[in-house]
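Residue numbers start at 1 and run along the sequence shown.
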Amino acid sequence: MDGPARPQWPLIVAFSALWGLALVTLASVEMRYGAALAAGLVVFTMPFLLSDSRRYFLTLITLTLFVGSNKMFASVTNVWPYDLIERMTINGTDVLLLGGCVVWLFSGIGAQRAPGLKGKHLFLPMLGLLAAVLLSFQNATYPMHGVFELFRMVKVFLLYVFLVYNIRRREEIRLIVAILGLNIMVQLAITLLQKYGGSNLGLAYFGEATASMESMIGVERVFRAGGTLGHPNHFAYCLDLLIPLFLSMSFSSSLSRRQRAFFTAALAAALLCLYMTLSRGGLVGTGVALAIAAPLILHRNMRLGRFSVRTGALVLVLLVAACAAAPLIYQRFSQSDAGAFRARIDQWQVATNIISAHPWVGIGLNNYRNVAPSYDDTASHIATVFTYPVHNVYLLAWAETGVVGLMGLLVLMIAALRMAYFGRCPYGEQHDLQFGLFFGFVAYLIHSNVDINPPGSYAFFYFLLAVLTASQHLATPGPRSTR
């Protein structure tokens, strides 16, 4: 994917920008779309001009993971509710992934070494999940809705494959993790501006919600952070996966003092963002993961006699922060949205009714919203009043794809945890990475019990799986292409 640098690249970039603006002018397109088109032409010119185009795409893909803007190019109407449509969309990550794959193919995919055995064993669970999903189509009343979700799954599988093949140096993994930390700091800045500026920042093109997200605590409306991911619960899922990783990196003896300070700042930013999302699933999932991970790090540091001052300072700061945040968090669980828990119980009842009727292959991928009212025997008529799929990833997988799909999902989750398990890994950079990712996956899986963000089509989850796979392959002996 990498080619020699060319000295005339400034002229080519300038030409691309002018050509993009000319096209926009001729087509009478709005200026903001013109700027986007011109920027896009520049972005896709650069890989052919840089000496390391792989790193270029890896960097941009990592940056765009936090841009929640999705552009629709196909849609189908829902049977229920009537005013909603199912969308087939693409986003910035998809566009960059497509460009990266094109450059990758032109550079000679066949000549590149395949991932090692430690990378291969995640392909089988993924393919098993995909096979189970395809099996569910035989019962699908609305197959086009399933096709849309299948499209999302294929996109994240392709993301995984692309990253596994193209992360070929340990330095690239360090760069990716550092960009993730920088992303969180930017999200904190955006969140603070949203909160204290009193409105959104006009970043809807990048995924910001068009109106401030708020929830009721008692009789008071409280701001909830969504950053450029839109919904606070979507933001919380990202934080579930990243907070344990930043904690682990903050105490990594493989990093310099400056790098540890950077990840400590990223950890503080991520914790503050999670607090401002007020996501109960995120607070519980990350809280449980940290309650296990933090004592393990504390015990390790005490046993090895490392980071004594840093460890003590972190414990003190966390205690003070927990005491300061406790009143609002307690109110969020005890007074906020009084019917939320009851609604989830009713949703679970509807899901179990569907599972009882279609236990083996389910009702069809992404058919839940349209089919649920037919199985709703709750007093609240929850499927009609609250028109979202059941807020439990495991029940949703079982209802839509049957026990076959649920087993496929659980096998993938277990394989991810098994790969990330750090107990067999000697202390060092790889151990610290696996430690953080393992507890990030734990937090994510706990959160998935009360919310909906299916792992089968969640790009950020597959992104971290690919980083884990590539890192383990780089940690094994043997040559690896760095072309």
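No side-chain donor-acceptor contact under 3.5 Å links Arg87 to the backbone of Ser75. A donor-acceptor contact shorter than 3.5 Å links the side chain of Ser136 to the backbone of Val133. Between the Asn139 side chain and the Gly362 main chain, a donor and an acceptor come within less than 3.5 Å of each other. Arg224 contributes no side-chain N or O that, together with a main-chain N or O of Met276, makes up a donor-acceptor pair within less than 3.5 Å. Judged purely by atom type and a 3.5 angstrom limit, Thr387 has no side-chain atom pairing as donor or acceptor with the backbone of Thr384. Gln347 places a side-chain N or O within 3.5 Å of a backbone atom of Pro389 that can act as its donor or acceptor partner. Side-chain N or O atoms of Ser248 include none that pairs as donor or acceptor with a backbone N or O of Pro244 at under 3.5 Å. Side-chain atoms of Trp398 come within 3.5 Å of backbone N or O of Pro359 as a donor-acceptor pair. Between the side chain of Thr378 and the backbone N or O of His381, at least one donor-acceptor pair lies under 3.5 Å.
Side-chain contact annotation: Asn367 with His145, donor-acceptor N/O pair under 3.5 Å absent. For the 3.5 Å distance criterion, the side chains of Gln187 and Thr228 qualify, holding a donor opposite an acceptor. A donor-acceptor contact under 3.5 angstrom links the side chains of His358 and Tyr375, judged on distance only. In this model, a donor atom of one side chain and an acceptor atom of the other lie less than 3.5 Å apart for Asp377 and Asn353.
Side-chain contact between Val284 and His447: absent, with no pair of heavy atoms (C-beta onward) separated by less than 4.5 Å. Inter-residue side-chain proximity for Tyr275 and Leu271 is flagged as unmet; no heavy-atom pair is nearer than 4.5 Å. Counting heavy atoms from C-beta on, the side chains of Leu175 and Thr62 never come closer than 4.5 Å. Considering only heavy atoms from C-beta on, Phe66 comes within 4.5 Å of Leu180 through its side chain. When side chains are defined from C-beta on, Val371 does not count as touching Glu400, because their heavy atoms never get closer than 4.5 Å. Counting heavy atoms from C-beta on, the side chains of Asn392 and Arg344 never come closer than 4.5 Å. Val177 has its side chain within reach of Phe263: a pair of non-hydrogen atoms, C-beta onward, lies under 4.5 Å apart. For the pair Tyr368 and Val390, the minimum side-chain heavy-atom distance is below 4.5 Å.
Checked options Asn183, Val186, Leu58, Leu182; the residue passing with Leu63 is Asn183 (criterion: side chain to side chain contact (heavy atoms under 4.5 Å, CB included)).
Closest non-hydrogen pair, Ala225 versus Phe235, comes out as O-CD2, 3.8 Å. The two atoms that bring Glu149 and Asn366 nearest to each other are CB-CB, 3.7 Å, heavy atoms only. When all heavy atoms of Gly282 and Ala236 are compared, the pair lying nearest together is CA-CB, 4.4 Å.
The aromatic ring centres of Phe461 and Phe441 sit less than 6.0 Å apart. The distance between the ring centers of Phe123 and Tyr160 falls below 6.0 angstrom. Checked against a 6.0 Å centroid threshold, the rings of Phe435 and Phe439 count as neighbours. Aromatic ring centres of His231 and Tyr237 lie farther apart than the 6.0 Å criterion allows.
We find the CG-OH distance between Asp451 and Tyr444 to be 10.0 Å, quoted to the nearest 0.5 Å. Here the OH-CD1 distance, from Tyr458 to Ile452, works out to 13.0 Å after rounding to the nearest 0.5 Å.
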| task | Under the side-chain contact (heavy atoms from CB on, under 4.5 Å) rule, what do Arg342 and Asp346 come out as? Steps first, then yes or no, please. | result | CA-CA 6 Å; Arg342 180 69 252 177; Asp346 288 345; 3.0 Å; yes

| Where do Lys155 and Leu97 land on the side-chain contact (heavy atoms from CB on, under 4.5 Å) test, with the steps shown first? | CA-CA 9 Å; Lys155 286 195 301 182; Leu97 175 62; 5.6 Å; no

| request: Show the numbers, then the answer: is there a side-chain contact (heavy atoms from CB on, under 4.5 Å) between Thr401 and Leu409? | output: CA-CA 10 Å; Thr401 60; Leu409 178 63; over 6 Å; no

| task | Test side-chain contact (heavy atoms from CB on, under 4.5 Å) on Ile297 and Leu247 and set out the steps. | result | CA-CA 9 Å; Ile297 290 178; Leu247 174 65; 3.7 Å; yes

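By the side chain to side chain contact (heavy atoms under 4.5 Å, CB included) test, Ser254 is found to be paired with Ser252, Glu429, Asp432, residues two or more places apart in sequence or in another chain being considered. Applying the salt bridge (Lys or Arg N to Asp or Glu O under 4.0 Å) rule to Asp376 yields no partners; only residues at least two apart in sequence or on another chain are considered.
Salt bridge annotation for Arg152-Glu86: present, with a cationic side-chain nitrogen under 4.0 angstrom from a carboxylate oxygen. Taking 4.0 Å as the cut-off between side-chain N and carboxylate O, Glu172 and Arg54 count as a salt-bridged pair.
With a 6.0 Å radius and a threshold of 12 heavy atoms from other residues, nucleotides or ligands, Tyr388 has its OH atom at or below the threshold.
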